[in-house]
There are 2 protein chains.
Amino acid sequence: MTAVPLHQRIRDEIEGLIRSGAWAPGHRVPFESELMARYGCSRMTVNKAMSALADAGLIVRRRRAGSFVARPRVHSTVLDIPDIQAEITARGETYAFVLLAAERRAADPDDGDETELAGEGDLVVLRGLHVAGGRPFALEDRLISLAAVPEAAAADFAAEPPGAWLLNHVPWTEAESRISAVGAEAAVAELLALDVGTALLAVERRTWRAGEPVTRVRQLFPGEAYDLVARFGPAR
Amino acid sequence: MTAVPLHQRIRDEIEGLIRSGAWAPGHRVPFESELMARYGCSRMTVNKAMSALADAGLIVRRRRAGSFVARPRVHSTVLDIPDIQAEITARGETYAFVLLAAERRAADPDDGDETELAGEGDLVVLRGLHVAGGRPFALEDRLISLAAVPEAAAADFAAEPPGAWLLNHVPWTEAESRISAVGAEAAVAELLALDVGTALLAVERRTWRAGEPVTRVRQLFPGEAYDLVARFGPAR
DNA sequence: CTCGCGAATATGTCTATACATATTGAACCG
DNA sequence: CGGTTCAATATGTATAGACATATTCGCGAG
């Protein structure tokens with residue numbers, strides 16, 4: 001009935017343990033010999049599962065040392081929607097994050113989006129400004145689900161911008177991005193030091209871990225000053 | 001010296017034949033038994049190479065029938081920069097493409113971008129308007145390299161929009177996209193029936209086949225009317 | 001204490017073999 | 001002639017064994 005090949009069952013079980021966060025980045029995956037014993041199969045079968053996980057970038061394998069859960073790469077390989085701080089410092093400009101507002105509250109029951117994100121818990125609601133070389137670079141509005149990330153209640157987002165903080169604390173996520181263009185409204189224009197109506201690139205990103213919503217962020221970039229770049233091509 | 005594992009060499013050679021276009025979509029890849037003979041190795045080794053190609057989506061395998069070069073999927077798996085026509089008809093709106101200008105000419109020698117694209121040949125230069133439900137949806141300026149796609153000289157882009165035509169004639173490409181936001185200039189605003197200065201989403205995409213530039217396109221979408229969506233997540 | 005060397009070990013590659021399974025094409029029968 | 005059955009075939013999965021190679025650990029020499 002099942003007809004799921006063993007090597008794929010092994011692969012799926014390990015993948016589940018990683019994606020759920022049960023095995024955090026850096027955690028040592030059992031040796032092939034241990035998995036052979038656990039599943040009662042030959043090494044080639046285990047090896048096929050582990051090689052597939054390595055190809056998919058979920059684990060890193062090192063001879064003699066063993067296999068380890070990979071840490072999520074900052075750039076999702078494909079679309080450079082990055083850690084803004086890393087991007088700016090890579091250009092050689094100074095970076096600063098100004099936290100404009102931070103609060104903890106329950107989800108607005110009239111906002112289906114917020115209630116879905118919050119689940120059973122509260123939300124952390126943040127607004128901040130990314131500053132590059134002394135000039136406003138992007139305005140960010142973020143919601144974080146405390147049900148998914150309880151540690152966020154105690155984090156100091158003035159010291160470490162929320163994007164970077166999340167990357168370091170919440171391993172491995174699925175993400176969906178929506179990209180559009182909007183004209184700057186008065187309040188936004190003032191914060192970004194632009195004229196009202198200037199074209200802005202609007203990026204809205206939601207991420208999940210193991211199917212559970214983690215965060216939603218809206219970022220506004222001065223359109224002419226910033227390009228998103230996406231590349232597809234021969235991998236490897 | 002080489003130290004390239006045999007299964008990977010097999011994989012790379014076949015991948016090269018596919019990406020270069022030598023083996024077009026639908027072409028039958030040699031049977032495992034044939035590849036065993038050609039490379040003088042065991043079936044498991046060939047199988048590893050072929051399974052990897054199948055996982056990567058480059059080939060499709062069918063028992064008893066053999067393995068075949070896959071046809072490129074319209075959506076590049078990751079970033080939905082789509083065939084605009086498919087997108088609009090999927091929404092249930094009528095679609096039309098209005099060809100505003102078409103010419104064949106040599107690359108402007110002062111434009112490094114154009115000369116690189118053109119290579120040794122001429123360019124096809126197109127401007128057209130995508131229309132959804134009777135209203136302007138996107139403005140498209142496109143260059144096609146005749147060196148890479150000589151058939152483009154005879155194509156009727158009024159009958160079939162260039163994006164769709166290229167997808168059907170030029171298999172498997174690498175691509176790079178740049179996304180930004182701009183304000184509508186007067187000429188563009190008129191074509192799209194918008195006010196001057198309205199925020200537009202600007203998508204510039206370049207594609208290559210086997211390292212050779214094929215086309216460059218700039219598309220302008222009314223920002224508020226259109227979202228680009230990118231998804232990353234558990235594959236499969 | 002440090003450096004270098006060798007042994008232990010986990011993964012990487014490959015072979016030869018076996019049986020399972022989906023699909024096709026052809027033979028066969030109503 | 002249409003439909004069913006059946007055997008041939010190519011891939012899918014799995015095994016047990018072998019040797020290669022990178023890396024680490026510990027030991028011993030300086």
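Residue numbers start from 1 in every chain, and the chains themselves are labelled A, B, ... in the order their sequence lines are given, proteins ahead of strands.
- The pair A:R178-A:E204 does not count as a salt bridge, with every side-chain nitrogen at least 4.0 angstrom from each carboxylate oxygen.
- Remark: P of D:dG17 and CZ of A:R43 are 13 Å apart, rounded to the nearest angstrom.
- Defined by atom type and a distance below 3.5 Å, a donor-acceptor pair is missing between the side-chain atoms of A:E34 and A:Y39.
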Walk me through whether A:E32 and A:R43 qualify under salt bridge (charged side-chain N to carboxylate O under 4.0 Å, His left out).
CA-CA 7 Å; A:E32 293 190 354; A:R43 206 190 125 210; 2.6 Å; yes

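- Relative orientation of the A:W165 and A:F157 rings is perpendicular, given thresholds of 30° and 60° on the angle between their planes.
- A donor atom on one side chain and an acceptor atom on the other are found under 3.5 Å apart for A:R61 and A:S67.
- Atom CE in A:M44 sits about 15 Å away from atom P in D:dG12, given to the nearest Å.
- Whole-Å rounding puts the B:R62 CZ to D:dG12 P distance at 12 Å.
- The nearest whole Å value for the distance from the CG atom in B:N47 to the C1' atom in D:dA14 is 11 Å.
- Between the side chain of A:R64 and the base of D:dT24 there is at least one donor-acceptor pair of N/O atoms closer than 3.5 Å.
- With DNA chain D read from its 5' end, the first of the two nearest nucleotides for A:R63 and A:C41 is the one closest to A:C41.
- Note on B:S67: only backbone sugar-phosphate atoms sit closer than 4.0 angstrom, heavy atoms only; bases stay farther off.
- Rounded to a whole Å, the CZ atom of A:R9 is 10 Å from the P atom of D:dA14.
- For B:K48 and D:dT11, the NZ to P distance is 18 Å, given to the nearest whole Å.
- Taking the six-membered ring for Trp, B:F137 and B:H130 have ring centres at least 6.0 Å apart.
- Taking a heavy-atom distance under 4.0 Å as the criterion, the stretch of DNA chain C touched by chain B extends 5' to 3' from C:dT13 to C:dT24.
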